[in-house]
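Take this structure first; my questions come after.
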Amino acid sequence: MAIESKSTFIINNKAEDMVKWLSSFGLSPDGGINRLLYSSAWSEAQKALEHKMKNDGLAVHFDSVGNLFGRLEGSDAKADTVLTGSHIDTVADGGRYDGVYGIVASLLAVERLKATYGTPKKPIEVVSLCEEEGSRFPMTFWGSRNITGRYTLKDAKNVTDAKGVPLLSAMREAGFDPAHYQSPMRQDIDCFIELHIEQGIVLERSGHSLGLVSHIVGQRRFTINISGESNHAGTTPMPLRKDAMSIASHLIDYVTTQARNDESDLVATVGKITAQPNTPNVIAGEVEFTLDVRHHEEKHLKQFCDRFHDYIQWTASENQVSISSSQWLNASPVQMDASLMDLSKATAQDNNISFQPLISGAGHDAQVFGTHCPTALLFVPSQQGISHSPKEFTKSEDLENGVDLLTDLLYKLAY
């Protein structure tokens, strides 16, 4: 049975208002959000959340990498904690809901539970994870992978941003001196619940208010480099060219066509390309592009990538050029906890919130926690499926439905 109607709760802040409040930290003139890891906007947002958590009566602390926790203590001193939240960082010129909504919803849910029911049996902690996106530094899930023991300072030792700033230096400037680092790894997490905007169009098209995620896709990301031969655009005969741009376009067409013809919902994306010397009247001697491949089954992901790399080798031989492939992300597919999914389904039914099962095509911190502890990932709709954009938007009604469901779910898990 559902807990009491939201009308009985003491509500100090609506979800939409709090999302707008947090979007003021890093807001750009065009309405986008720039809150990259360890930037001044990031620091200001985390400190503002710290202040709010304290005002809500939560016990607050930062760990060594900047993950922020607000804890509602439980009556059972031996009980593990129910952890809920999401990430505070954004992509460059991103949207206001991505990540932040999960933190806001968790704070509101705990605020309502505390006001109505007091002390839970199990402690509940709201986490504002320091980083998920990989937007400033070429590594993702710096926050959750430290909590789960997958990352340590060693993993960041040689990592720099596009301006050459080392991650560890940025960390120190933000107030988290690596010299004082203590492992943030947690072994006391009972489960992790992440509420997030869908960042897709499935829920809006189906008319459902909630997505219950069964799997998060695996991701493989590569940088492909083609080294041909730069030469004059007018005097070099076509049969004698080693045109890196032409070869790159052929590879891109091949991989995207293969993905389009794949019947298993695999997706492949080339999102970035650079050419040298990048001059209109000179044959490109070197081209580099990125490849992002995603699927919810590891076997299928591997087979697709292996076929493409076989094709790369054949193309290099046929064109007498050098083609290298460097993999910089290998995130395995993760299945969410079945019992938590069943509980979420029952909770949605109790609250008369329409729902449907989904596979998440985007990466989330839930996939990191999903190999560490029982984990659930829940979605609310995104208007037109737009995300990572200033146009990102979710209706207030959908935001509140998510808070209602999360409140009830946390009650069942912790009280």
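Starting from 1, each residue takes its place in the sequence as its number. Side-chain atoms are counted along with the backbone in the values below, which use heavy atoms only and exclude waters and symmetry mates.
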Original post:
Looking only at side chains, do Ser106 and Thr84 share a donor and an acceptor under 3.5 Å apart?
Top reply: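 Their side chains do contain a donor-acceptor pair, which is all the 3.5 Å distance test asks for.
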**OP:** In plain terms, say whether Lys302 and Glu298 are close enough for a salt bridge, that is, a side-chain N and a carboxylate O under 4.0 Å apart.
**Re:**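 Judged by the 4.0 Å cut-off on N to carboxylate O distance, Lys302 and Glu298 do not form a salt bridge.
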Original post:
Does a salt bridge link Arg221 with Asp292, judged by any charged N lying under 4.0 Å from a carboxylate O?
Top reply: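 Here Arg221 pairs with Asp292 in a salt bridge, since their nearest N and O are under 4.0 Å apart.
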**OP:** Using only heavy-atom distances, determine whether the side chains of His300 and Asp262 contain a donor-acceptor pair under 3.5 Å.
**Re:**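 Judged by distance alone, the side chains do pair up.
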Original post:
So, is the end of the Arg186 side chain (NZ or CZ) under 6.0 Å from the ring centre of Phe69 and within 45° of the ring's axis?
Top reply: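 Yes.
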**OP:** If the plane angle is over 60° it's perpendicular, under 30° parallel, otherwise tilted; pick one for Tyr254 and Tyr311.
**Re:**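 It falls in the parallel class, under 30°.
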Subject >> Which residues share a side chain to side chain donor-acceptor pair (under 3.5 Å) with Glu73, sequence neighbours left out >> reply: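 Glu73 satisfies side chain to side chain donor-acceptor pair (under 3.5 Å) with Arg71 once adjacent residues are dropped.
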Report all side-chain donor-acceptor pairs from residues 378-385 shorter than 3.5 Å, counting only partners two or more places apart or in another chain.
{"unit_1": "Ser382", "atom_1": "OG", "unit_2": "Glu198", "atom_2": "N", "d": "3.4"}
{"unit_1": "Ser382", "atom_1": "OG", "unit_2": "Gln199", "atom_2": "N", "d": "2.9"}

**OP:** For this output row, return yes or no: ring centroids of Tyr97 and Tyr101 closer than 6.0 angstrom.
**Re:**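 No, too far apart.
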**OP:** Assess the pair Trp328 and Phe222: is the distance between their ring centroids shorter than 6.0 Å?
**Re:**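 No, too far apart.
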Original post:
Does Ala259 have any side chain to side chain contact (heavy atoms under 4.5 Å, CB included) partners at least two apart in sequence or in another chain, and if so, which?
Top reply: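 Only Leu266, Ala268, Phe304 meet the side chain to side chain contact (heavy atoms under 4.5 Å, CB included) criterion with Ala259.
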Original post:
Is Asp161 salt-bridged to Arg136, going by a charged N under 4.0 Å from an acidic O?
Top reply: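 Yes, Asp161 and Arg136 are salt-bridged.
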**OP:** Give a yes or no on whether a salt bridge exists between Lys412 and Asp350, defined as a side-chain N under 4.0 angstrom from a carboxylate O.
**Re:**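 The answer is yes: the pair qualifies as a salt bridge.
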Original post:
Do the ring planes of Phe176 and Tyr38 sit parallel (below 30°), tilted (30 to 60°) or perpendicular (above 60°)?
Top reply: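 Ring orientation, 0 to 90° scale: tilted.
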Original post:
Are the charged groups of Arg112 and Asp404 less than 4.0 angstrom apart, N to O?
Top reply: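 The answer is yes: the pair qualifies as a salt bridge.
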